[in-house]
Amino acid sequence: MILSVGVADLVAALRRHELWRVLALYQLKRGNARTKFGIAWHGLSFFILVGLMGFMYATFMHRPLDLYVPYLAAGQLGWRFISPMITEGLTVITGGRGLLTQRPFPISFLPLKLACYHLYLSGLHAIAFIAILAIYRIIVVPNPLLLAIGLVIVTVAGVGTALLLGIASVFHRWLQNLIPSLMNLAFFLTPIIWMPNMLVGGDANHLSVDLTHGFTGRSTFVLLNPFYYFLEVVRGPLLGYQVPFIFWFVASSIAAALMICGLLILSRTKPRIILNL
Amino acid sequence: MRDTAPSLRLFNASLRFPAQMGRVGNLRIAREKRADVGSELVEVGPGRYAVQALKDISLSLVPGDRLALIGGNGAGKTTLLRVLAGIFDLDSGLREVNGEISTIFNMRLGFEMAETGYDNIMLRGLIEGHPRSMVEMAVDEIADFSGLGEYLYMPLETYSAGMLARLAFSIATAWDASILILDEWIGAGDAGFLKMAEERLITFVDKVQILVVASHNGAILRRFCNKAMVLAHGSLVYEGEVDTAWKWFQDHQKAKFAE
């Protein structure tokens, strides 16, 4: 089968979870070594930035705090997982040179480690998320089961993307220059700080895109953005609002496609990857 | 699963590295000056070159074989070791392995300087591919041998170069392997540790059934190996006893300088 090399590599990498979990933890600690509060800084900076931003933007855009603050915080939480899986995924294989040229290692070990690191980081952001809601005295009722499914979808997509882009940028290094700047743009194009219905013109108190008026140019703009689907399957369950089934379907289809493409490129290039590092 | 004896074989192994860093535009003109070192440069397309790192190498190692790899800079020693270890796949030819391979290339591989000595023992054990439970069983022995005592509770940042070498060496030689591949020997550490290390290395190497070592140190190769191969420009140019191979290599080096 054309995927067999990639699948075998992924299975071998999954078996080494003891190692990538430890490495992810050390990476987390390394960022804030020798600082007061240590790894808590990851959460603290989220708390400070998003906490203040929520208040400022709610005021600028005339949104009620109890609607806007959790929306922004949940969106940031999701974006801060999705975005680095792409920008850091680009360098995850070339950056693993030290390890890959010293021992025989499955290539997908590195994207798995990256995903694990960002899941840990999201855990710290989640604590900050709760703290922000507590400060503003806002109550949300998450749906844990759907949240778990959403996280699995986003993680699979993230690992697939990091594998795909990480390998592609071994052979085309310019991707490492191009894509991060496009991701900055994507942040503003995706409904994170703005709400889709502010653009689409639907019910402003409805957090998911309002499609009761059918497809318009503006709603198509929102719906053509793949990041929106991934964000919704995490943000919806976290805030407890209803996400239409089509979002789950699109997000999981793209996730599966990304993973298959990642494994495909891995199967086709595996022997050449290490020689080109 | 251990009914077959360890073995390590290569059949007509060849490997090219793509040279894609920067421009190699003037290389065609410069080809007149052939390098004394390195492997052959081959043109693989218009203006695109590759380093023919290994060319048609065949070897067969069985239990009891202790192979010394001899060669000048860029002859292909390290590349061959990495092919044997399974890090590089071959362009053509075949690699056949039976048994567990252990490698010591970079003694400090994966060290996390902000973490303690004990944490690094676990980390390195996991990198070597051992499960957590197995590393836990070996921790005390590694800690004892390193002689680092209370320093094992301190982050590696506080270690001197020699102390780091002690820890690295103690970890690297803690587990038995049937096939051992080594690139150069360790230089750091004080006299007391070096003596201990030498003894440990001898018992470590003795337990190993197949050994492959690349080194520029003739004395070390003579001491640990019982057969030798000389590499030049990625090809196997001499095969035989360690003493004669070393002498052959030395004579050739001299002849080159005399030219």
Side-chain angles (χ1 to χ4, degrees), chain A residues 5-6 8-9 12-35 38-39 41 93-107 109-110 112-113 116-117 169-174 266-277, chain B residues 15-22 50-54 78-79 81-92 95 97 100-116 119-136 155-157 172 181 183:
Chain A
V5 174
D9 184 278
L14 283 168
R15 284 217 184 98
R16 304 206 60 178
H17 61 94
E18 286 182 331
L19 181 57
W20 46 258
R21 273 162 38 208
V22 169
L23 289 174
L25 193 64
Y26 287 154
Q27 193 182 344
L28 201 64
K29 290 167 85 175
R30 208 184 303 140
N32 296 289
R34 300 187 186 191
T35 60
I39 61 168
W41 268 115
I93 312 277
T94 48
R97 186 177 199 274
L99 205 58
L100 294 178
T101 56
Q102 295 294 325
R103 304 205 113 253
F105 253 93
I107 301 287
F109 177 87
L110 296 163
L112 286 174
K113 186 199 115 188
C116 183
Y117 165 68
S169 73
V170 168
F171 301 101
H172 305 284
R173 303 277 167 132
W174 50 269
L266 176 59
S267 305
R268 290 184 65 109
T269 59
K270 187 169 180 188
R272 288 188 287 134
I273 293 172
I274 296 168
L275 300 181
N276 280 281
L277 281 180
Chain B
L15 180 62
R16 278 177 185 178
F17 283 108
Q20 58 178 8
M21 305 84 166
V51 177
Q52 183 76 49
L54 294 178
T78 302
T79 307
L81 291 183
R82 289 190 176 163
V83 163
L84 289 172
I87 295 167
F88 293 149
D89 284 333
L90 294 166
D91 287 340
S92 65
R95 170 178 175 268
V97 195
E100 226 129 304
I101 297 182
S102 183
T103 58
I104 306 181
F105 291 157
N106 174 3
M107 290 278 274
R108 296 182 184 189
L109 172 69
F111 271 163
E112 199 67 50
M113 300 306 284
E115 304 300 330
T116 66
D119 288 341
N120 275 283
I121 293 175
M122 173 57 70
L123 179 60
R124 272 293 295 274
L126 292 175
I127 290 177
E128 306 271 329
H130 305 298
R132 187 172 273 276
S133 53
M134 221 174 118
V135 185
E136 268 159 9
L156 296 199
E157 286 160 341
I181 301 176
D183 199 0

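Throughout, protein chains are lettered first and strands after them, A, B, ... in sequence-line order, and every chain is numbered starting at 1.
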Review point. So which of A:E18, A:R15, A:K270, A:Q102 has the biggest tally of heavy-atom pairs under 4.5 Å with chain B?
Key: A:Q102
**Study point:** Heavy-atom donor-acceptor pair, A:S267 side chain to A:G6 backbone, under 3.5 Å
**Key:** yes
Practice item. Please report the C-alpha distance between B:E112 and B:D119 in whole Å, then the side-chain angles of each, then the deciding distance to 0.1 Å, and finally whether the side chain to side chain contact (heavy atoms under 4.5 Å, CB included) criterion is met. Key: CA-CA 9 Å; B:E112 199 67 50; B:D119 288 341; over 6 Å; no
Check your understanding: Backbone N or O of B:V83 within a donor-acceptor pair of the B:R95 side chain at under 3.5 Å?
Key -> yes
Point to revise | Residue, of B:L126, B:L109, B:D89, that accumulates the most heavy atom pairs under 4.5 Å with chain A | key: B:L126
Study note, to complete from the structure: Applying a strict 4.5 Å limit to non-hydrogen atoms, the region of A:R103 in contact with chain B is both
Review point. Is B:Q52 reaching over with its side chain to a backbone N or O of B:L54, donor-acceptor style, under 3.5 angstrom?
Key: yes
Point to revise | chain A contact via B:F105 - side chain, backbone, both or neither, heavy atoms under 4.5 Å | key: both
Review point. Under a 4.5 Å heavy-atom cut-off, does chain A meet the side chain of B:L123, its backbone, both or neither?
Key: both
Revision key, fill the gap. Most contact-rich option vs chain A, by heavy-atom pairs under 4.5 angstrom, among B:G125, B:A53, B:G129, is B:G129
Check your understanding: What do the steps show when you test B:E115 against B:L156 for side chain to side chain contact (heavy atoms under 4.5 Å, CB included), and what is the final call?
Key -> CA-CA 6 Å; B:E115 304 300 330; B:L156 296 199; over 6 Å; no
Exercise for review: Keeping the roles fixed (side chain from B:R82, backbone from A:P104), state whether a donor-acceptor pair exists under 3.5 Å.
Suggested key: no
Review point. Is it the backbone or the side chain of B:L90 that comes under 4.5 Å from a heavy atom of chain A, or both, or neither?
Key: neither
Practice item. Counting only heavy atoms closer than 4.5 Å, note whether B:P131 contacts chain A via side chain, backbone, both or neither. Key: both
**Study point:** Contact class of A:R30 relative to chain B, heavy atoms under 4.5 angstrom
**Key:** side chain
Review point. With no hydrogens and no angle check, is any side-chain donor or acceptor of A:N276 less than 3.5 Å from a backbone partner on A:V170?
Key: no
Check your understanding: Most heavy-atom pairs under 4.5 angstrom with chain B, which of A:I273, A:L23, A:T101?
Key -> A:T101
